Novice: 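The following block contains the structure, expressed as structure tokens.
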2 protein chains.
Amino acid sequence: MARLSGSRQDYLKALYALAPQGEVVPTSRLAAHLSVSAPSVTNMLRRLAEEKLVLHKPRGGARLTARGRREAILMVRRHRILETFLVRVLGLDWAEVHADAEVLEHHISDRVLEAIDRVAGRPDFDPHGHPIPDPRGRMQRRTLLPLASLERGARAVVREIRDADGPRMARWRSAGLVPGASVRMREVQRLDDVFELEVAGERFVTGSEGLDGVLVERRGGAGHGR
Amino acid sequence: MARLSGSRQDYLKALYALAPQGEVVPTSRLAAHLSVSAPSVTNMLRRLAEEKLVLHKPRGGARLTARGRREAILMVRRHRILETFLVRVLGLDWAEVHADAEVLEHHISDRVLEAIDRVAGRPDFDPHGHPIPDPRGRMQRRTLLPLASLERGARAVVREIRDADGPRMARWRSAGLVPGASVRMREVQRLDDVFELEVAGERFVTGSEGLDGVLVERRGGAGHGR
DNA sequence: CGTTCTCGTTAGCCTAGACTAAATCACGGA
DNA sequence: TCCGTGATTTAGTCTAGGCTAACGAGAACG
Ligand SMILES: [Mn+2]
Ligand SMILES: [Mn+2]
Ligand SMILES: [Mn+2]
Ligand SMILES: [Mn+2]
């Protein structure tokens, strides 16, 4: 079985990112996610379908086959191990490793991946808090909420930071919004789109735009939990 | 200035490997070194010449321009830093890192290269003993001899092992022929092509074929030095 | 001085993966 | 039922970098 090209790997990864449960994804969503034109997507989907990596109903979108899903999850594993390595071993900045991992994930041999995993300490989570699938493709599944969905008084723990632009991620870090941090929603003004948080004892005021991509796990305590 | 493609980088590196002083290299030598057809080489040389990275006299071979040489040396630097990193930090086998470095050299950002260089301890030599050019492209130049050229009784220190197939390199290592090792030529039978060495106190008998690619620096001592 | 042989170049093709422009499908609304 | 519209596919190009077959320049040889 010939190795998948980098391009194919990215298409599969995108399909998985947009539909982790294997739902159908429209051509246009894929095109937007990958920053390519719609015809390019149609074209590649045809090839991936021939190779039994996706199911492609013309005009009905595409979804991963079991094999495609397996390959996608292996790519997620490679990406996340690389990011962890770049941060923990090479000392690069948390907010700036995504682009390098995005390239290297396609060029690292299994041998090097294994060694990198070892020196990174066989991490279970990447620097943004995302779970790393094991070599067989299994991964914890958690249910997390967007930070902005918390009601006034709720307490939660930050679990994942979605990959975003460097400056925004750097801002979150400087505000203390890193995986593992405890937060409390002090005030919510949905009409004005203003949120006042307490993060590690500090006050942090922001709009919801600035919170997109911070995912939390609700904690008991003084919240309104049911 | 757009980044050079991986292919271009390999052509420049090959030109440099075959003619470190900038001598003219025939198309066929390049084709053999890169394992591509002669027309592919002609074709790529035309493009590299347009980009002022090589000088190409039709039917008269090619040689690097100053710019091409600079790029080539930077690739050598990347390759050697990567090999050192793979061995020293990731703990991979000395004899098996070349192929990974050959791929990764094209995909590592400057930022990652710098970090890798740092964690590898800013090495001056790669695991095979080859000098690593500094970021400005300067590098020690040494004059080394093939081990097989030593006469009976001569003493020398192993300095470089040329990249060869894994098994052969593993054999050299197990015989103690690693950079820094002291050797003495105990017996030479050129007609029979048999060499008897003393390496770290042990006797090692081999044909010259088995010594191609072990480069040494002559040492004073009990030799026949002039 | 003509013939050969070797090497390099030209010509023509191929695949991967993009793109734009044009055609077409399918669906919701009148 | 028909129509308009937006999403998708088709058709045709392009670039990078390979390949083989055929051609030709020049050196070597007779
Ligand atoms: Mn990432
Ligand atoms: Mn990628
Ligand atoms: Mn090497
Ligand atoms: Mn290479």
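Just so it is clear, the values below take in all heavy atoms, side chains as well, and ignore hydrogens, waters and symmetry mates. Please read all numbers here as calculations on a predicted model, not as lab measurements. Sequence lines set the chain letters: A, B, ... in the order given, protein chains first and strands last, and positions in each chain run from 1.
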Novice: CG of B:Asn43 versus C1' of C:dC13: gap in Å, rounded?
Specialist: 13 Å

Novice: Can you tell me if the side-chain N/O atoms of B:His56 get under 4.0 Å from OP1 or OP2 in C:dT9?
Specialist: yes

Novice: Mapping B:Pro39 and A:Gly6 onto DNA chain C by nearest heavy atom, which one lands closer to the 5' end?
Specialist: B:Pro39

Novice: Whole-Å distance between C:dG17 C1' and A:Gln9 CD?
Specialist: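 In whole Å, C:dG17 C1' lies 15 Å from A:Gln9 CD.
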
Novice: Measure the distance from CZ on B:Arg59 to P on D:dC23 and round it to the nearest whole Å.
Specialist: 14 Å

Novice: What is the distance from atom CE of B:Met139 to atom CG of B:Asp134, rounded to the nearest 0.5 Å?
Specialist: 9.0 Å

Novice: Looking just at side-chain N and O atoms, do B:His128 and B:Glu160 make a donor-acceptor pair shorter than 3.5 Å?
Specialist: no

Novice: Among C:dT9, C:dA18, D:dG18, which is the nearest nucleotide to the side chain of B:Ser7?
Specialist: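 Between C:dT9, C:dA18, D:dG18, the one nearest the side chain of B:Ser7 would be D:dG18.
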
Novice: Using a 4.0 Å heavy-atom cut-off across all strands, classify A:Ser28 as base, sugar-phosphate, or nothing.
Specialist: sugar-phosphate

Novice: Mind calculating the distance between CG (B:Leu30) and P (C:dT9) to the nearest angstrom?
Specialist: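 Between P of C:dT9 and CG of B:Leu30: 11 Å.
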
Novice: Let me know the distance between CE of B:Met44 and C1' of C:dT9, rounded to the nearest Å.
Specialist: 16 Å

Novice: Is the A:His79-A:His98 ring centre distance short of 6.0 angstrom?
Specialist: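 Yes, the ring of A:His79 comes within the 6.0 Å limit of the ring of A:His98, centre to centre.
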
Novice: Where the side chain of A:Ser40 is defined as all heavy atoms beyond and including C-beta, which of D:dT9, C:dC7, C:dA18 is the nearest nucleotide?
Specialist: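 Side chain of A:Ser40 sits closest to C:dA18.
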
Novice: Determine, step by step, whether B:Asp100 and A:Ser109 satisfy the side chain to side chain donor-acceptor pair (under 3.5 Å) criterion, reporting the C-alpha distance in whole Å, the side-chain angles of both residues, the deciding distance to 0.1 Å, and the verdict.
Specialist: CA-CA 7 Å; B:Asp100 279 301; A:Ser109 68; 2.7 Å; yes

Novice: What's the CZ-P distance between A:Arg47 and C:dT15, to the nearest Å?
Specialist: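 Atom CZ in A:Arg47 sits about 11 Å away from atom P in C:dT15.
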
Novice: Between A:Thr84 and A:Asp126, is any side-chain donor less than 3.5 angstrom from a side-chain acceptor?
Specialist: no

Novice: Which nucleotide, D:dA16, D:dG18, C:dT10, lies nearest any side-chain atom of B:Thr42?
Specialist: C:dT10

Novice: Would you please confirm or rule out a distance under 4.0 Å between OP1 or OP2 of C:dG17 and any side-chain N or O of A:Arg8?
Specialist: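 A:Arg8 to C:dG17 OP1/OP2: side-chain N or O found under 4.0 Å.
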
Novice: Whole angstrom is fine here: how far is it from NZ in A:Lys57 over to P in D:dT9?
Specialist: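 A:Lys57 atom NZ is separated from D:dT9 atom P by 13 Å.
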
Novice: Looking only at side-chain atoms of A:Thr27, point me to the closest of D:dG17, D:dT9, C:dA18.
Specialist: D:dT9

Novice: Within this structure, what is the OH-to-C1' distance between B:Tyr11 and D:dA16, rounded to whole angstrom?
Specialist: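 Those two atoms, OH and C1', are 11 Å apart.
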
Novice: Mind checking if A:Ser37 touches a base, just sugar-phosphate, or nothing, with heavy atoms under 4.0 Å?
Specialist: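 Result for A:Ser37 = base.
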
